[in-house]
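Data first, discussion second: the structure below is written as structure tokens.
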Amino acid sequence: MNITNEAKEYIQSLLKEQQAKGLRVYAIEGGCCGPQIGLSLEMPEESDKISVINDIQVAVATKAEEFVNSLTLDYETEGEQSGLVMVGAPNNC
């Protein structure tokens, strides 16, 4: 998993605002499209793998591990909207 510098700045501002320590990446079993990858500011679970990526603590749930290797978190602005995007997230539809 990679976190761009733009995403890092945005995530750090969220963490400070929410008084959180890091991100948690998890997978939700999906229907015909396969698993969905999610991000949250939750505390890590006991079985999560925790690492520091570009100065951000990232906890990865066991079910999400196979999907995060090729995942990049980036911050994009399009028109008046902006936010995090997951580049390389699975899309089986």
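Quick note: numbers below take in every heavy atom, side chains included, and nothing from hydrogens, waters or symmetry partners.
- Of all heavy-atom pairs spanning Gly79 and Thr77, the tightest one is O-CG2, 3.8 Å.
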*Evaluate the criterion side chain to side chain contact (heavy atoms under 4.5 Å, CB included) for residue pair Arg24 and Leu41; output intermediate values, then yes/no.*
CA-CA 6 Å; Arg24 182 166 189 268; Leu41 299 178; over 6 Å; no
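- With contacts defined as side-chain heavy-atom distances shorter than 4.5 Å, the pair Val58/Leu73 does not qualify.
- Between atom CD1 of residue Ile53 and atom CD1 of residue Ile11 there is a gap of 9.5 Å, rounded to the nearest 0.5 Å.
- Residue Met1 is grouped with residue Leu14 when hydrophobic side chains (ILVMFWY) are merged at heavy-atom distances under 4.5 angstrom, including chains of intermediate members.
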*Go through Thr72 and Ile3 one step at a time and tell me if the side chain to side chain contact (heavy atoms under 4.5 Å, CB included) criterion holds.*
CA-CA 6 Å; Thr72 297; Ile3 299 175; over 6 Å; no
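- A donor-acceptor pair shorter than 3.5 Å cannot be found between the side chains of Thr4 and Tyr75.
- Ile56 CD1 to Glu9 CD: the interatomic distance, rounded to the nearest 0.5 Å, is 10.0 Å.
- Dense packing is recorded around NZ of Lys8, with more than 12 heavy atoms of other residues, nucleotides or ligands lying under 6.0 Å away.
- In the model, Asn2 has no side-chain atom that pairs as donor or acceptor with a side-chain atom of Asn54 under 3.5 Å.
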*Might you work through the side chain to side chain contact (heavy atoms under 4.5 Å, CB included) test for Asp55 and Gln12, ending with a clear yes or no?*
CA-CA 9 Å; Asp55 296 327; Gln12 286 177 326; 4.3 Å; yes
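- Of all the heavy atoms in Gly88 and Leu71, the pair that sits closest is C-CD1, 4.2 Å.
- Here Asp48 contributes atom CG and Thr62 contributes atom OG1; the two are 6.5 Å apart, rounded to the nearest 0.5 Å.
- The CD atom of Glu42 sits 6.5 Å away from the OH atom of Tyr26 when rounded to the nearest 0.5 Å.
- Scanning all heavy atoms of the two residues, the minimum distance from Lys21 to Gln57 falls at O-CB, 3.7 Å.
- Between the CD atom in Glu78 and the CD atom in Glu80 there is a gap of 12.0 Å [rounded to 0.5 Å].
- Note: the hydrophobic cluster containing Val25 does not contain Val87 (ILVMFWY, side chain heavy atoms under 4.5 Å, direct or indirect links).
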